[in-house]
Structure formats: C-alpha cells, structure tokens
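Throughout, a chain's letter reflects where its sequence line sits, starting with A, and its residues are numbered from 1.
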2 protein chains.
Amino acid sequence: MEEDFLIEMDYAGLTARLKRLSDAFVYSTKEFYKSIDLDIEPNWHMIFLILQKNERMTVMEIAEALRLSHPAIVKLINKMKKHGYIKSEIDASDARKYQLRLSEKALEKLPQLEKYWAAGNESVAEIMNHNREILKQLEMLEENITKEDFKQRTERILKTNKP
Amino acid sequence: MEEDFLIEMDYAGLTARLKRLSDAFVYSTKEFYKSIDLDIEPNWHMIFLILQKNERMTVMEIAEALRLSHPAIVKLINKMKKHGYIKSEIDASDARKYQLRLSEKALEKLPQLEKYWAAGNESVAEIMNHNREILKQLEMLEENITKEDFKQRTERILKTNKP
DNA sequence: TATATTTGCGTAACGGGTTACTTAAAAATT
DNA sequence: AATTTTTAAGTAACCCGTTACGCAAATATA
C-alpha cells in the first residue's frame with residue numbers, strides 16, 4: 001500500500017489526522033450500535049455520563065464542562081429528547097434555564113449500555129496498546145492551545161520572523 | 001476553572017477530544033485566514049500539497065492517498081474549483097476519470113501560502129512542545145485501528161467475556 | 001460478441017461542530 | 001424605578017466527513 005500522505009505532511013497533517021482518527025472511532029461505534037440494535041449515537045455517551053454524575057444540569061453547564069459550544073449541546077439534547085432519553089423542566093428561579101436530566105427510559109437502559117461501554121473502553125485500551133501516552137500528549141496540546149491558540153501563535157511568529 | 005469532563009471520562013473521552021482538538025486547529029486557522037483576507041479553507045492545504053507533489057491526480061487517487069472517502073474529496077475539489085484553484089480535464093484513456101491539477105491562480109498564490117504555512121507549522125511545533133511524540137502515538141493508533149477496528153474489537157471482547 | 005461485474009465519481013441524507021445573530025429574562029447601573 | 005448590560009438558549013448558515021445509492025464506462029467472463 002502506498003504511503004499515507006497525511007503522515008507524510010508531518011506537522012501540517014496533524015489536524016486532519018486527529019479528525020480522521022476521531023471519525024474512525026465514531027463511525028465504527030455507530031456501526032457497532034446499529035449491529036446490536038441500539039438506538040443511540042456515539043457522542044450521547046458523554047451526556048449520559050455527565051448527567052449520571054450531576055443529575056440536573058443546564059445547557060450552559062454541560063457546554064462548559066465539555067468545553068464545547070452551547071449550540072452543539074442544544075443539538076445533542078434535542079435529539080436525545082426526541083428519543084426520550086432526556087427530560088427537562090424550567091428552572092424555578094430563572095426562567096431562561098432548563099434543568100436537564102436523564103429520563104426513566106435512560107436510567108433503565110443504563111445497565112445494558114454500561115456493559116457495552118465497558119467493552120468499548122477495553123477496545124480503546126487495546127488500540128492504545130494499553131499505554132496512556134496519547135492521553136498525556138492530548139492533554140499537553142489542549143493546555144498549550146488554550147494558553148495561546150493557533151492563530152495567535154502564527155501571527156506572533158510571522159511578526160517575529162519579519163524583520 | 002472546573003475540570004474538563006472529557007478528560008475525566010478517560011478512555012471514553014478520547015474520540016471527542018480528538019475531534020475537539022482538531023476543531024480547535026481548524027477554526028483558529030479559519031480565523032487566521034480570514035484576518036489576512038485569504039480566500040481558502042484550512043483543509044485545502046492537503047490538496048495543494050498533494051497536487052504539488054503529483055501534478056495530476058484523479059479523485060480516487062487523492063482519496064486513497066489521504067485515506068478519506070471519495071465523496072469527501074469530491075466536495076473539497078468542487079469548492080476549490082469554484083474558487084478557481086483547481087482545473088480538471090477528462091482522462092484521454094478513461095472517460096470516467098478526470099485528471100485534476102492546480103490552476104495557474106493556485107500556482108501563483110503558492111509562494112505566499114507557503115509563507116503562512118511555514119509559520120503555521122512552527123505554531124504546531126510549539127503547541128507540540130517541539131516533541132514528535134503525539135505524531136508517533138497517532139501513527140500507532142492509526143495502525144492498530146486499521147488492523148482491527150473498534151467494532152470488531154468490541155464484539156470480540158464481548159464474546160470473550162461472556163462465558 | 002453478449003452479458004455480468006467492477007470501478008470512478010457524483011449526489012443525497014446524516015451526524016458532528018463552529019460562529020453570528022436574536023430574543024427574553026436576569027442582573028447591574030443610573 | 002427606569003434603563004442598560006449581561007446571560008441563557010435557540011436558530012441559521014457553513015464546513016467537515018461518512019455511508020448508501022445510482023449511473024455510466026471499463027473490464028472480465030460466459
């Protein structure tokens with residue numbers, strides 16, 4: 001098989017490789033769920049887990065905890081509601097907020113889901129060769145990109161190289 | 001600042017973190033291009049580079065070299081054509097194929113782009129702490145997931161754990 | 001040579017996420 | 001108390017990639 005051009009691109013290929021690898025997991029997980037007739041999407045996992053930990057949360061609280069934009073959460077939540085996994089009620093003290101929680105259906109399904117998630121985690125561990133290094137590396141990049149993002153760094157570098 | 005729940009999820013958070021980090025690069029790059037009035041998308045970079053290396057390629061050749069689906073390439077190419085960066089001509093010996101190449105406009109713009117890409121690569125190197133470990137780790141995961149994907153592994157693990 | 005299979009690529013329908021904008025409620029200021 | 005500012009969420013418009021399908025051209029097989 002010919003070479004992988006994204007790898008050949010070296011630094012310039014990093015972004016696309018992160019996405020490509022993420023997609024490989026997502027679509028394979030999707031097919032797995034489909035094969036066992038599970039009516040859920042791969043990334044609902046994080047919502048299940050965070051609402052299991054916190055019981056009730058608002059859209060903004062979830063968005064901040066996951067470091068995603070709020071529209072991303074709104075979309076997820078709406079789909080999960082449509083499938084009956086999430087219930088929401090207006091916050092008593094702030095009419096702008098909705099308190100979200102897992103539905104009874106979701107809670108009933110959790111034990112079964114947890115069985116699959118456990119196996120999935122084991123798969124991930126295998127793919128990582130039972131080595132946590134990739135997680136450490138990601139944490140480092142996440143930290144660095146939070147300190148100063150790609151745009152800021154590139155502008156600084158261009159300015160410094162100029163004269 | 002509260003903890004990052006995706007990190008707290010450990011193995012189960014890997015997929016979403018890969019995507020989130022990729023997006024951080026993509027959207028920051030987009031803003032950078034916008035700020036300097038560059039009329040290109042971040043992921044056109046890979047197309048520019050591969051067509052610089054190979055001169056003429058078909059959709060399928062590009063898709064295979066980048067390990068992406070062909071519809072992904074078709075979309076990219078169509079946009080680049082619309083912006084005048086790609087020219088295509090029917091293959092003389094096979095009427096199904098189109099030979100794609102960079103347009104004159106693209107070639108003229110390359111020197112300028114390369115200046116920005118060089119600075120961008122330096123930014124990536126910084127964000128990686130000038131350490132290639134993340135690239136090695138990605139290569140390992142890519143290799144492992146190609147050998148046996150997430151679904152197959154999970155099914156095997158479930159089967160093994162059953163009895 | 002006629003028929004069947006494979007291959008290239010374009011499209012549709014999804015799912016993911018982002019930024020920009022809007023509206024209404026809450027909070028802060030004057 | 002009235003007005004301004006901030007905050008929570010929803011929506012629209014985009015970009016990204018995938019799988020499923022369809023169709024025509026090329027290749028293989030009968």
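- For A:Lys87, the NZ atom is loosely surrounded, since the number of other residues' heavy atoms within 6.0 Å does not exceed 12.
- Taking the six-membered ring where the residue is Trp, B:Trp44 and B:His83 present perpendicular rings, their angle passing 60° and hence far from 30°.
- Checked for salt-bridge contact, B:Arg132 and A:Asp10 meet the test: a charged N lies under 4.0 Å from a carboxylate O.
- Remark: A:Arg67 fails to qualify as a cation-pi partner of B:Phe5 under the 6.0 Å distance and 45° angle criteria applied to the six-membered ring.
- Seen from the ring of B:Tyr85, B:Lys105 counts as a face-on cation partner, given the 6.0 Å and 45° thresholds.
- A salt bridge between B:Glu142 and A:Arg17 is present, with a side-chain N of the basic residue lying under 4.0 Å from a carboxylate O of the acidic one.
- The distance from atom CG of B:Asn78 to atom P of D:dC14 is 17 Å, rounded to the nearest whole Å.
- Within 4.0 Å (heavy atoms only), A:Ser22 reaches no atom of the nucleic acid at all.
- Ion pairing between A:Arg153 and A:Asp149 fails under the 4.0 Å rule for side-chain N and carboxylate O.
- Within a 6.0 Å sphere centred on OH of A:Tyr33, heavy atoms belonging to other residues, nucleotides or ligands number more than 12.
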Check: Which letter, B, S or -, goes with each nucleotide of nucleotides 15-24 of chain D from 5' to 3', with contact meaning a protein heavy atom under 4.0 Å?
Finding: BSBBBB----
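- On the nucleic acid side, DNA chain C contacts chain B at distances under 4.0 Å to non-hydrogen atoms, with the end points of that region at C:dT7 to C:dA20.
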